[in-house]
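What follows is a set of notes on a single structure, which appears directly below.
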Amino acid sequence: MPTVASSALRVPQSRIRELADIAMKMDDVLKLYFGESNIPTPEYIKRAAAKALEEGYTFYTENAGLPGLRQDLADYYRRVQDVDLDPRSEIVVTASGVQALNVTIRCVLNPGDEGLVLTPAWPNSAANIWMDNAIPMEIPLLLRGDHYAVDFNSLEAAVTPRTRLLVYTSPSNPLGWVATEDEQEELLEFARRYNLWLLADEVYERLYYRGTAIGVPAPSILRKASRDDAVIVAQSFSKTYCMTGWRIGWLVARRDMGQKATQLNEFIISHPASFIQRAAQTALAQGEEELRRMIARLRENRDFCLAALRRMPGVTVPSPDGAFYLFPKIEGLTDSFAFCRKLLEETHVGFAPGVAFGAGGEGSVRICYAAEQGILERAMERLDGFLSQHQEDHGFTRG
Ligand SMILES: Cc1ncc(COP(=O)(O)O)c(C=O)c1O
């Protein structure tokens, strides 16, 4: 009997999805397990999509995306990151951030190669490495005081002759960690020294709270890299413009990689839907004001949850600088999936289990705070009650 390919069998099931599947069968769950804001796509973007359909954007486009959208992305990089890109060769529009990860990882790994992944991390990069018959090597970030930091000693120790790729996410899902400029330089140096592709997942670039003003982005690795560096950035409209369901993103890469990804995309997705590309142009052109309002709200949410969690005994939570997640560590917790399941069943609060995010994730839970204040208030209250109750009976704090 034919069987499923071993490369497919090796891809682990998403433990976030496993938890969500249980939650979706229940009523009245406070859903903080997915990486998604509850804000609908702004009206001006929806109207732009409808207008594009009326205008006849119903045909195939270039594999790399509409030239106008690529030009707008190049202008965007000049405006927000002060980076110069060639829209014809260094930018490829993709059908989401995850599709940008998929096609670029596909372009750099041979079967049996190894890809270093900084964790805890959203599981999709590692899963994509598995899908290419290659092996992800997870290197946990180190917690130093209140902030995470790249563990360069462990990175050095993990490099082998088969290593071809280093992936990191900044701002990070689930940590909210943002690579410092020194870390970016060191990561780039490290990649140059060992001849690695450096893949930076920057989909949370705009959700950054340490800028000189609201709306200032987290610094992109593209500010440090030269156009000859083997650097790839995966990007998305999902988080910045509340467009998760639209499936549109982009990648920035060295010219040869850009060309290869464009060519391979013919056989994978060809290109994202034409009218959605037009709507994405409108998002770039008109989105800044709404985006700033969203960042301000997210920062309030973050501060509220951070303060609430820090009052709970046995909970430690590092300060996140970006994205929309908190990743509290719960003293003595050894099975975050069982914890999240019980929390869900007893209190109807849905968090993602830390174990879903690879090495360094067990013992924590991920809370997405891109929700209304009222929901966050109830979730924090119920978590507090749940922890007190189970700390008394040592339900989750026995090793
Ligand atoms: C770190 C990270 N990268 C990429 C993505 C992909 O976003 P999308 O595929 O919706 O563009 C996500 C979504 O949760 C994410 O958290």
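Here the structure is a predicted model, which means the values were calculated and not measured. Counting convention: from 1, in listed order, for ligands and their atoms alike.
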| field | Cationic tip of Arg302 above Phe324 ring, under 6.0 Å, 45° of axis | value |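 Judged by the rule (NZ or CZ under 6.0 Å from the ring centre, within 45° of its axis), Arg302 is not positioned above Phe324.
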
| request: Would you please write out the protein residues whose heavy atoms approach any atom of ligand 1 to under 4.0 angstrom, listed by chain and number? | output: Ser96, Gly97, Val98, Trp122, Thr169, Asn173, Asp201, Val203, Tyr204, Ser236, Ser238, Lys239, Arg247

| query | So, are Arg192 and Asp229 salt-bridged, with charged N and O less than 4.0 Å apart? | reply |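 Result for this pair is yes, salt bridge flagged.
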
| request: Inspect the contact between Arg255 and Glu90 and indicate whether a charged nitrogen and a carboxylate oxygen are less than 4.0 angstrom apart. | output: no

| Whether Gln81 side chain and Ala218 backbone form a donor-acceptor pair below 3.5 Å | yes

| message | Please check: side-chain N/O of Asp132 versus main-chain N/O of Ala134, any donor-acceptor pairing under 3.5 Å? | response |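 No, because the side chain of Asp132 does not come within donor-acceptor range (under 3.5 Å) of the backbone of Ala134.
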
| Is the gap between the ring centers of Tyr204 and Tyr325 under 6.0 Å? |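 Yes - the distance between ring centres of Tyr204 and Tyr325 falls below the 6.0 Å cut-off.
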
